[in-house]
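A quick write-up on the structure given underneath.
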Amino acid sequence: MDKYSELDQNGKVLAYYMWIDGSGQSIRGKTRTIEKPLVTSLDDLPIWNFDGSSTKQASGEDSDVFIKPVRIFKDPFRGGNNILVLCECYCPDGTPHPTNKRFECNRLMEQCKEEKPWFGIEQEYTFFDKDGRHPLEWPLNGFPRPQGPYYCGVGANNVYGRDIVEAHYKACLYAGIKVAGSNAEVMPSQWEYQVGPCEGIEMGDHLWASRYILYRIAEEQSVVVSLDPKPIPGDWNGAGCHTNISTLAMRQPNGLQHIVKAIELMGKKHQEHIEEYDPSRGLDNARRLTGQHETASIHTFNYGVANRGASIRIPRQCEKDGCGYFEDRRPSSNCDPYAVTARIVKTICLDL
C-alpha cells in the first residue's frame with residue numbers, strides 16, 4: 001500500500017474531520033478534499049455534516065449534525081500537507097449539540113483565562129487482542145504473574161505492545177500534540193502517556209487528538225485499545241486519567257497556599273466532580289475507585305502529600321518548593337477531558 005501513499009495529490013489537501021460521538025468516549029471521522037495545496041488556518045476549512053443517526057446523536061428523521069473545525073493537527077498517517085481536523089458538533093439551528101462538551105468548556109476557560117489554568121493529563125489505557133476480550137499477550141487459560149515487575153518494566157516477559165507505544169509517541173509529536181512522556185503501567189499490557197502542560201481548552205483538544213492517533217496505530221496492528229477504568233476484575237490496577245492542575249498563582253512563590261485552598265474547594269464539590277469524571281456519571285469509576293490499587297474510595301474525599309491512595313495528591317517536590325501543582329487522581333481513563341477540566345475551573349477559579 002505504500003506506493004499509493006506517495007502518489008501526487010494534484011495540489012489538494014486531505015482533511016480528516018474528527019468529532020466525539022454520542023457515547024461521549026469514542027471519536028469518529030471522515031475525509032474531505034480541500035481544493036488548495038496548503039491549509040493555513042481554520043478559515044480554509046468549511047463547516048461539514050454527518051449522519052447523526054449512526055452515531056447516537058440524532059434521529060433518522062432529522063439526522064444531520066454539523067461539524068465546525070476548531071483545531072488543526074498535522075496528519076502522521078498521510079503525511080505531506082494533509083491534516084487532522086478536530087471539530088465541534090452543532091445542531092441545524094446553530095446551537096451547540098448536547099454532546100458538545102467543548103463549547104461550554106471553552107466558555108468557562110475564557111472566563112478565567114487571566115488565572116492561566118494549566119493542565120497535564122496522564123492517559124492510562126490497556127491493549128487487548130482483536131476480539132477485545134483478552135489482554136494482549138496474556139495466557140489464554142489463566143493469568144500472568146502478579147503485579148510487580150511490569151511498571152516501567154523491560155523484557156519480553158514483562159512488557160507487551162511497546163512498538164505501538166513508541167509509534168504513537170512519535171506520531172503525536174509529528175502532529176503537534178504536546179506529549180510529555182510515556183511508561184508501562186502496573187498491570188501487564190497497560191500503558192500510560194502524558195499530555196501537557198496545556199493551557200485552557202488546549203488540554204481537551206490535544207488529548208482527544210492523541211487518542212485518535214493511538215486508536216489508528218493500534219488498528220494497523222489488529223490490537224484493540226481499551227479505556228475501560230477497570231478492564232480486568234480482581235487484584236489488578238484500574239486505569240485513570242490523573243489530571244494535574246495549576247494556576248498562575250500556584251506556580252509562583254508561596255503558591256502552596258493557593259493549592260491547598262483549591263483542593264479544599266474541590267472537596268466541597270466531591271460528588272459534582274465524580275459525576276463529570278466518567279461518561280456514566282460515576283458508574284464506571286465506581287469499579288475503579290475502591291480504596292485499593294492506588295485509589296481513594298469514590299465515597300470519600302481526602303488529599304495528602306505524595307499519597308497515591310488519596311483523591312488528590314500534592315507532589316513532594318511541590319511541598320518542598322512551596323509552589324507548583326496538584327494531581328486529581330479521580331478522573332477515569334474514559335473521561336471526557338472537556339468535562340473534567342471545565343468542572344475543575346468552575347470549582348477552583350469561578351467558585352461555582
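What's counted below: heavy atoms across the whole structure, side chains too, no hydrogens, waters or symmetry copies.
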> Is the number of heavy atoms from other residues, nucleotides or ligands under 6.0 Å of H299 NE2 greater than 12?
Replying inline: no
> Does a salt bridge link D44 with K36, judged by any charged N lying under 4.0 Å from a carboxylate O?
Replying inline: yes
> Just checking, is any N or O donor in the side chain of Q57 or T55 under 3.5 Å from an acceptor N or O on the other one?
Replying inline: yes
>> Checking side-chain polar atoms at under 3.5 Å, does R78 have a donor or acceptor matched by the opposite partner on T31?
In response: yes
>> Could you check whether H134 and F128 have their ring centres less than 6.0 Å apart?
In response: no
> Do other residues, nucleotides or ligands put more than 12 heavy atoms under 6.0 Å from W118 CH2?
Replying inline: no
>> If I compare all heavy atoms of P188 with all of W138, which pair ends up nearest, and what's the gap?
In response: O-NE1, 3.1 Å
> Quick one: do the N334 and S332 side chains pair a donor with an acceptor below 3.5 Å?
Replying inline: yes
> Taking the side chain from R288 and the backbone from R330, do they hold a donor-acceptor pair closer than 3.5 Å?
Replying inline: yes
> Do we see a donor-acceptor contact under 3.5 Å between the side chains of N237 and E185?
Replying inline: no
>> For the OH atom on Y215, are there more than 12 heavy atoms of other groups (residues, nucleotides or ligands in this structure) within a distance under 6.0 Å?
In response: yes
> Think K74 forms a cation-pi with Y174, using NZ or CZ under 6.0 Å from the six-ring centre and within 45 degrees of its axis?
Replying inline: yes
>> Which heavy atom of D278 sits nearest to which heavy atom of N285, and what is that distance?
In response: OD2-N, 2.9 Å
> What's the shortest heavy-atom distance between C241 and Q123, and which atoms?
Replying inline: SG-OE1, 3.3 Å
> Given the rule in the ring-ring contact (aromatic ring centres under 6.0 Å, His included) test, do W48 and F66 qualify, once you have shown the distances and angles that lead to the verdict?
Replying inline: CA-CA 6 Å; W48 204 10; F66 290 84; over 10 Å; no
>> Using the rule salt bridge (charged side-chain N to carboxylate O under 4.0 Å, His left out), only one of R102, K101, R71, K68 pairs with E88; which is it?
In response: R102
> Would W208 end up clustered with Y17 when hydrophobic side chains under 4.5 Å apart are linked, directly or stepwise?
Replying inline: no
> Of all heavy-atom pairs between Q194 and N183, which one has the smallest distance, and what is that distance?
Replying inline: NE2-OD1, 3.1 Å
> Taking R343 as the fixed residue, which of V345, T347, T341 is the one that meets the side chain to side chain contact (heavy atoms under 4.5 Å, CB included) rule?
Replying inline: T347
